[in-house]
Structure formats: C-alpha cells, structure tokens
Novice: 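Before I ask anything, let me first share the structure, which is written out below as structure tokens.
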There are 2 protein chains.
Amino acid sequence: MARWAPDAALRLERAAMELFTENGYAATTVPAIAERAGLTTRTFFRHFADKRDVLFLREREFPSVVAHLLTDAPAGLGTIDLLMHGLDGAASGDLERWRDDIAARRAIIRSEPQLRERELLKSAGLADAMRDALVSNGTPAPDAALAASAASALFDLALETWLAGPPGVTLTSILHDHRLRLTRLLAPSA
Amino acid sequence: MARWAPDAALRLERAAMELFTENGYAATTVPAIAERAGLTTRTFFRHFADKRDVLFLREREFPSVVAHLLTDAPAGLGTIDLLMHGLDGAASGDLERWRDDIAARRAIIRSEPQLRERELLKSAGLADAMRDALVSNGTPAPDAALAASAASALFDLALETWLAGPPGVTLTSILHDHRLRLTRLLAPSA
DNA sequence: CACCTGATGTCACATCGTGTCATCGGCTAC
DNA sequence: GTAGCCGATGACACGATGTGACATCAGGTG
C-alpha cells in the first residue's frame with residue numbers, strides 16, 4: 001500500500017465542490033477543504049495555485065489538447081474551420097455525460113465575480129494556445145490572434161447555450177450555428 | 001480649506017503607479033501605497049475593491065459611456081456598425097495624449113497574470129454592458145451576446161496594435177481594419 | 001446652536017498564500 | 001539486502017490581503 005492515498009488533487013476537488021455547494025464559495029475556507037480531503041492546507045496549495053484554481057482542475061490540459069489537434073489537423077482547412085475542428089475534437093468526448101458536473105461548476109462560478117475572472121483567464125489561455133498553434137502553422141500573427149480570440153468567444157458562448165438548452169443538442173451543432181451567425185453579424189450591412 | 005485633501009483616489013492611483021514602476025507590482029504593499037498618498041490602508045480599500053483595482057480607475061466609466069452611445073446612436077446602423085460607432089466614440093477623445101500613460105499601465109499589467117486576469121474581467125464587463133444596450137435596443141439576445149463579445153475582442157486587439165504601432169495611426173482606423181480582417185477570416189472558406 | 005452627513009482614522013481579526021525544514025515510504029544502485 | 005536518494009506530505013511561522021466595527025471631526029442644514 002502506498003504511503004499516501006492516490007489522487008490527492010481529485011480528492012481535494014471533490015471536497016471543495018461539496019463544501020462550495022453546501023455553504024457557498026466565500027464561506028468555505030481552504031483548511032476546511034483540506035480537512036475533508038484528509039490533507040493539510042499546505043498540501044492544498046501545492047496542488048492548486050490558489051483557492052479559485054480548484055474549480056478548474058478538469059480543464060488544465062484542454063488548451064494543449066486543442067493545440068495538438070490544430071497542428072495535426074488535415075491540411076487545406078481555412079483558419080476558422082481549423083479552429084472549429086480543434087475545439088470540436090477536444091470537446092467531443094461524450095460531453096453529455098458530464099453535463100451535470102459542468103452545470104454544477106458553472107453555478108458556483110457564476111456566484112462570484114472572482115470566479116468568472118478566473119474563468120476568463122482560462123479562456124484567454126486557450127486563445128493564446130490556439131493563436132500560437134496557428135502561428136507555428138504559418139498563419140500570420142495578427143490573423144491568428146484575431147481568429148483565436150473569436151474562436152474562444154464562440155466556444156464560451158456555445159458552451160453556455162449548450163448548457164441552457166435541452167439534452168441531445170450537440171455542442172458541435174451549436175458551435176457551427178454560432179459561427180455562422182457571427183459571420184452574418186460581422187458582414188458589412190448593406 | 002477642506003478637512004481632507006481632494007482626489008484621494010487619484011492620489012492613491014498616482015502613488016501606486018510610482019511604486020509599481022519603481023519596485024514592481026508584487027513587491028509593493030498596500031500600506032506603502034497609502035503612506036505615499038498620505039492616507040491609511042483602510043482608506044485605500046474604501047476607494048478600491050482590492051490592490052489590483054487601482055490600475056483600472058480610469059476605465060471605470062467606460063462601459064456606461066459606451067452603453068449610452070449605443071442607445072443614443074443614429075438609427076439604421078447594423079449591429080456591428082453600431083458597436084464600432086460606440087467604441088469609437090468613447091475612445092476618440094484625443095487618445096494620443098494618453099498613449100504613454102496607457103503604455104505604462106499596460107507594461108505593469110502584462111507583468112503579472114493576476115493583472116491580466118483583472119483586465120479580462122473589465123473587458124467582459126464592457127461586453128456585458130454592450131450586450132445589454134443592444135438587447136434593450138431590440139437586438140435578439142443571442143445575437144447581442146455574440147456581437148458584443150466579438151466587438152470587445154476586436155477593441156482589445158486593436159488597442160494593443162495601436163500601442164505597438166507608430167504614433168499618428170488612429171485607433172479608429174485600426175479598429176475598422178481589424179473588423180474587416182475578422183470578417184474575412186470568419187467567412188466560409190471557398 | 002444642535003444635529004446630521006460623509007470621508008477618514010484606528011484597531012482587531014480571519015483568511016490567503018509562501019518559505020523552510022522535517023518526515024518517511026518506496027525505488028534504485030551496487 | 002542495505003544504503004541512499006526521491007518525492008509527496010506535514011508542521012510551523014509569517015507577511016500580506018481584505019473586512020467589520022467604532023471613533024473622529026469639518027462642513028452643511030434645520
């Protein structure tokens with residue numbers, strides 16, 4: 001038997017979600033989270049940069065996954081189609097199964113501006129990763145930055161729409177639809 | 001003579017900018033800022049929600065200014081043209097004059113992820129204000145959210161380009177150019 | 001002249017987040 | 001097999017952040 005129970009980060013995340021749901025984010029202290037997970041405060045901060053970060057454990061690898069999909073994508077796609085392909089591929093793994101978890105996290109995140117702030121930073125990190133992948137694939141830097149920012153915004157709004165809508169509608173279809181609507185909105189009005 | 005010197009918030013902001021420039025953001029404590037401004041720590045936190053907020057004093061009213069320009073805009077503009085009109089109008093007041101101040105603030109903001117995080121929250125607040133103004137002007141909510149997010153991203157990237165470029169190029173022209181390039185990027189590739 | 005208002009000061013305090021050293025199970029080298 | 005290293009955790013002290021509660025006092029108002 002190992003000296004320490006495995007998955008310390010996951011146990012901390014589960015404990016945090018429970019306490020946040022029971023008492024709210026602000027009323028939950030880090031020592032309380034650590035205690036429920038059977039660890040100490042110091043160990044919490046070894047796994048998470050700060051208290052907010054515990055809500056984003058699942059998304060840590062998302063930017064690099066998307067970036068890899070972008071660099072390995074089939075040639076010939078336009079910039080935006082490439083981005084849609086990458087986001088789609090990274091988020092496609094039986095998303096419906098996680099709907100409740102995502103909704104629970106989102107409910108907590110929307111309860112505190114601090115947490116929305118962190119979510120925005122994560123989205124910006126995704127946009128940065130996509131921009132860099134585009135640039136190293138030959139896209140001009142200004143175009144890459146513009147397209148990556150737009151794609152990140154599209155993804156966030158699509159995810160929100162997906163969560164608010166009925167089960168069964170795929171994120172892929174919503175993303176596609178949002179992209180088309182934004183295209184029409186941006187086009188010079190007659 | 002008034003009991004207290006006026007412009008406490010402005011004095012705190014100036015003191016903070018000086019100390020951040022001299023010693024860096026992380027090495028500057030709130031008591032040090034307050035002392036240089038001739039005030040106490042407690043008063044600092046009465047004017048600013050937290051240490052980061054002191055860097056965004058000048059932008060506090062920006063979202064509501066843009067929102068007002070949107071609701072008072074001439075009729076007949078398309079959604080995106082309306083947004084460009086609002087952003088343009090709100091940022092047009094002799095921006096060149098503030099270039100150095102904006103650049104100094106930006107240099108500090110880019111030195112710490114915490115500060116970029118806050119900047120992103122401010123941008124999101126601007127997007128929210130624009131979205132709400134569009135909605136109360138009759139734009140369908142999903143379109144308003146999409147267009148406002150895109151416009152906010154365009155504005156941020158345009159400001160960055162403006163700062164990096166030579167003096168004399170107007171933000172208006174960069175914004176216009178970025179909008180056209182994003183339109184082309186989003187269009188279905190042949 | 002008494003009272004109210006509002007910005008500031010003072011003090012106590014909880015929480016956050018970090019630096020530093022100790023602990024000790026398991027793995028590797030020899 | 002045993003000596004020693006490695007890496008995750010514990011223990012503890014501490015500075016900094018941010019808030020609540022109450023006091024102070026100039027100027028305006030009745």
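For the numbers below, each heavy atom of this structure counts, side chains included, while hydrogens, waters and symmetry mates do not. First the proteins, then the strands, lettered A, B, ... as listed; each starts at 1.
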Novice: Would you kindly give the CZ-to-P distance between A:R52 and C:dG17, to the nearest whole Å?
Specialist: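 Answer to the nearest Å: 7 Å.
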Novice: Measure from CZ on A:R118 to P on C:dG17 and round the result to the nearest Å.
Specialist: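 For the pair A:R118 CZ and C:dG17 P, the rounded distance is 8 Å.
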Novice: What's the CD-C1' distance between B:E112 and C:dG17, to the nearest Å?
Specialist: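 Between C1' of C:dG17 and CD of B:E112: 14 Å.
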Novice: Mind calculating the distance between CD (B:E35) and C1' (C:dT10) to the nearest angstrom?
Specialist: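 Distance check: B:E35 CD to C:dT10 C1' gives 16 Å.
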Novice: Determine yes or no for a side-chain-to-main-chain donor-acceptor pair under 3.5 angstrom, with A:S136 supplying the side chain and A:D132 the backbone.
Specialist: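 Looks like yes, one N/O pair under 3.5 Å.
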Novice: Between A:A26 and A:R42, who's closer to the 5' end of DNA chain C by nearest nucleotide?
Specialist: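 Final value for this comparison: A:A26.
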Novice: Find the distance A:D7:CG to D:dA8:C1' and express it as a whole number of Å.
Specialist: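 Spelled out: CG on A:D7 to C1' on D:dA8 is 14 Å.
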Novice: Given atom OH of A:Y25 and atom C1' of C:dT15, what is their separation to the nearest angstrom?
Specialist: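 Taking atom C1' of C:dT15 as the reference, OH of A:Y25 is at 11 Å.
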Novice: Nearest to the side chain of B:T40, heavy atoms from C-beta on, is which of C:dG9, D:dT19, C:dC16?
Specialist: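 The listed nucleotide nearest to B:T40's side chain is C:dG9.
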Novice: Can you tell me how far P of C:dA7 sits from CG of B:L12, to the nearest Å?
Specialist: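 My rounded result for the distance is 14 Å.
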Novice: Report yes or no: is there a donor-acceptor pair, N or O only, under 3.5 Å between the side chain of B:R46 and the base of C:dG9?
Specialist: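 Present.
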Novice: With distance as the sole test, does B:R11 use its side chain to make a donor-acceptor pair with the main-chain N or O of B:A37 at under 3.5 Å?
Specialist: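 Indeed, once roles are kept as given, a pair shorter than 3.5 Å links the two residues.
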Novice: Is A:H47 near enough to D:dA8 that one of its side-chain N or O atoms lies under 4.0 angstrom from OP1 or OP2?
Specialist: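 So the side-chain polar atoms of A:H47 never come under 4.0 Å of the phosphate oxygens OP1 or OP2 of D:dA8.
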Novice: Tell me which nucleotide among D:dG18, D:dG10, C:dC16 gets nearest to the side chain of B:K51.
Specialist: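 Of all the options, the side chain of B:K51 is nearest to D:dG18.
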Novice: Taking the side chain of B:D50 as heavy atoms from C-beta outward, which of D:dG18, D:dT17, C:dC16 is closest to it?
Specialist: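 Selected nucleotide: D:dG18.
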Novice: Verify whether one side chain among A:S123 and A:D156 offers a donor that lies under 3.5 Å from an acceptor in the other.
Specialist: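 Looking only at side-chain atoms, A:D156 and A:S123 do form a donor-acceptor pair, the distance falling under 3.5 Å.
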Novice: What is the distance, to the nearest angstrom, from the CG atom on A:L10 to the P atom on D:dA8?
Specialist: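 After rounding, the gap between these two atoms is 15 Å.
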Novice: Using a distance-only test with no angle check, is there a side-chain donor-acceptor pair under 3.5 angstrom linking A:S149 and A:S152?
Specialist: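 Their side chains do not contain a donor-acceptor pair, so the 3.5 Å distance test is not met.
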Novice: Check whether any side-chain N or O of B:T43 sits under 4.0 Å from OP1 or OP2 of C:dT8, and answer yes or no.
Specialist: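 So the side-chain polar atoms of B:T43 never come under 4.0 Å of the phosphate oxygens OP1 or OP2 of C:dT8.
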Novice: Apply the side-chain contact (heavy atoms from CB on, under 4.5 Å) test between B:L82 and each candidate in B:L70, B:L69, B:L87; give the one that qualifies.
Specialist: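 For B:L82, the side-chain contact (heavy atoms from CB on, under 4.5 Å) test succeeds with only one of B:L70, B:L69, B:L87, which is B:L70.
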